[in-house]
Amino acid sequence: MLFSEKEMKEILSQDIQISDTVNKRIKDTYKMLKEEDKRSQKTPRRRRFSYAAAAVAVAACLAVPGAVYAAANLDFFDAMFGNTTKKSTPVTETEVDTGKLNEDGTPKMQSVTLPSHEFVPVDPELAQELTGGGCMSEPLVKELGDHTLTVENLVYDQNGAVITFTLERPDGVTMMIGDADTNVGKGAHLAEDRTYSFSFETTSDDIFGGENIYVDTEKSTADKMYCTAYLLWSHKLPEGVYPQLSIAKHPGNVADVTIKKDDWTDEEWIQKMDDFYAQTKIEQIPLTDHAAIPVRKIGGWLTYSPISLGVDLSKNFGLSVEEAYDPGQLTHLEIRFKDGSSYVVSDRENLIENSGYVLGGVGDPQTWYMTAFNRIVDVDEIQEIVVNDKAFPVE
């Protein structure tokens, strides 16, 4: 949620491989994070909400191990992983606005092929058992101007997290843009026209979260959005580091500074951005002190849990470190179970993408591919994990 609508359009306007949609989506994610890092080198206060010049108010942790809350609210597992209101979609041919204009002034569109997405039912009692029951003892409610943000619950491990939240406003939600189109694209994002921002990060200044936000279009109304955020951490989360909510109260409208005016030089624009974020007030709220879901390992280079998987592509696949940095090198990811069934997480050739979010070039030495599952996985029932054309048995 750190990218504005304009930045998203700029990314969409880049050249893409139409015949390689899955690779495109992964590379787009990678490019977004790299571009954010480049901008942060010029204007450090923009990279994350933990700006040194900002006034930081760290709130006490309100969440404790959430067995009681989760037991009474098992439906949040369906919001995270189920298919009651999340609808599976086939491979789809569509057009996207590149953010550019044709010679006649009309929007320049580009044809793309979106991969299929499948959501499956969830057993809430099994999900509770596998995840520890969620991490929050009660919802966290914050007022962001005329919007109300409610973080309902979360689960997380060292690779990433899944968070359910709502955003509401009596006269219609304007802070976030999200609908059926964003669900099959890059996910919901914050609007430029806003005076508040929020993101899900960690209690470490060095580890942030990339995310895809899915909007429940069946439950959502104009006044209230129901959302699931699938997150992946920029580095593996060590013990003692927890997910946290960061809220930024800006001194004015973000759109006034995010769009570079024609009469500003680059230096003037950077200075205006610096001044704007120096006056931004930050509130950082740890969301839990509950321990992360344990991950299991294969050879120290593949980690997995009921909610995510990470694989170091520089190991076992004949790739150099430079090649492994590119998540497009992963062409097939599948989890096969003891009963003969399987979960195809990603298949480039057949245009299948059954993940909540994917991220490449993360961790240390920046060669890990991470994926957040769009369903709960019973790790005790896994027989083997297939990466590209190699199967790795689970012992």
Side-chain angles (χ1 to χ4, degrees), residues 1 5 8 25 66 69-70 72-90 92 94 114-124 127-128 131 134-136 138-142 144 147-156 160-191 194 198-200 209-232 243 245 287 306-308 353-358 371-377:
M1 244 181 301
E5 182 180 7
M8 298 288 281
R25 185 177 180 189
Y69 173 58
N73 297 274
L74 290 178
D75 58 341
F76 88 86
F77 283 115
D78 185 70
M80 288 182 177
F81 303 109
N83 67 344
T84 300
T85 55
K86 292 180 178 177
K87 299 303 181 184
S88 300
T89 56
T92 304
T94 188
L114 299 176
S116 65
H117 297 267
E118 181 186 24
F119 295 98
V120 299
V122 62
D123 180 340
Q128 178 176 336
T131 63
C135 291
M136 297 179 67
E138 62 183 38
L140 172 66
V141 181
K142 299 297 296 184
L144 311 183
H147 284 73
T148 300
L149 172 68
T150 303
V151 182
E152 298 285 353
N153 217 319
L154 71 100
V155 293
Y156 79 104
V162 184
I163 300 175
T164 53
F165 70 94
T166 62
L167 186 65
E168 55 189 309
R169 177 175 176 267
D171 295 326
V173 175
T174 58
M175 183 183 293
M176 181 180 290
I177 297 172
D179 52 26
D181 289 337
T182 64
N183 284 344
V184 295
K186 298 175 182 296
H189 55 92
L190 294 179
R194 68 184 193 277
F198 69 93
S199 69
F200 298 108
E211 66 194 2
N212 177 64
I213 295 178
Y214 184 97
V215 178
D216 188 328
T217 55
E218 289 201 8
K219 293 176 64 176
S220 297
T221 65
D223 297 339
K224 187 172 185 178
M225 297 176 70
Y226 289 81
C227 306
T228 301
Y230 299 93
L231 291 97
L232 294 167
L245 171 68
L287 292 172
I307 68 169
S308 77
E353 190 62 54
N354 292 325
S355 65
Y357 186 51
V358 294
T371 183
F373 299 148
N374 71 346
R375 64 197 65 178
I376 200 76
V377 172

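FYI, the numbering just counts along the sequence from 1.
A donor and an acceptor atom, one from each side chain of S355 and E353, are located under 3.5 Å apart.
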I'd like to know whether F198 forms a side-chain contact (heavy atoms from CB on, under 4.5 Å) with K142, so could you lay out the CA-CA distance, the side-chain angles of the two residues, the decisive distance to 0.1 Å, and finally the verdict. CA-CA 10 Å; F198 69 93; K142 299 297 296 184; over 6 Å; no
List the steps and the verdict of side-chain contact (heavy atoms from CB on, under 4.5 Å) for I307 and M80. CA-CA 10 Å; I307 68 169; M80 288 182 177; over 6 Å; no
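By the side-chain contact (heavy atoms from CB on, under 4.5 Å) test, K224 pairs with T166, E168, T221, Y226, sequence neighbours left out. Considering only residues two or more places apart in sequence or on other chains, N354 meets the side-chain hydrogen bond (donor to acceptor under 3.5 Å, both in side chains) condition with none of them. Residues satisfying the ring-ring contact (aromatic ring centres under 6.0 Å, His included) criterion with F81, sequence neighbours excluded, are absent altogether. Shown here are the side-chain hydrogen bond (donor to acceptor under 3.5 Å, both in side chains) partners of R169, two or more places apart in sequence or in another chain: D146. Remark: Y156 engages no residue in a ring-ring contact (aromatic ring centres under 6.0 Å, His included) (not counting sequence neighbours). Not counting sequence neighbours, the partners of D181 by the side-chain contact (heavy atoms from CB on, under 4.5 Å) test are D179.
With D216 contributing its side chain and C227 its backbone, the two residues share no donor-acceptor pair below 3.5 Å. Panel note: side chain N153, backbone C135; a donor-acceptor pair is recorded below 3.5 Å.
Nearest heavy atom pair, residue A79 against residue T164, reads CB-CG2, 3.9 Å. Closest approach of P243 and L154 over heavy atoms only: CG-CD1, 4.1 Å. The two atoms that bring G187 and N212 nearest to each other are CA-OD1, 3.1 Å, heavy atoms only. Taking every heavy atom of both residues into account, V155 and F77 meet most closely at CG1-CE2, 4.3 Å. For the residue pair F200 and L287, the shortest heavy atom distance occurs at CD2-CD1, 4.1 Å. When all heavy atoms are compared, the tightest approach of S88 to E118 is OG-CA, 3.4 Å.
If you take OG1 on T85 and CZ on F119, they are separated by 9.5 Å, rounding to the nearest 0.5 Å. Atom OG1 of T84 sits about 8.0 Å away from atom NZ of K87, to the nearest 0.5 Å.
Both cation-pi conditions hold for K86 and Y214: the charged atom is under 6.0 angstrom from the six-membered ring centre and inside a 45 degree cone around its axis.
Under the side-chain contact (heavy atoms from CB on, under 4.5 Å) rule, F165 has a single partner from T228, L245, I213, which is I213. Paired with L167 under the rule side-chain contact (heavy atoms from CB on, under 4.5 Å), one option of V173, T148, V215 passes, and it is V173.
L190 has its side chain within reach of M175: a pair of non-hydrogen atoms, C-beta onward, lies under 4.5 Å apart. Using a 4.5 Å cut-off on side-chain heavy atoms (C-beta onward), H147 and T174 make contact. Contact check for L231 versus Y357: no side-chain heavy atoms found under the 4.5 Å cut-off.
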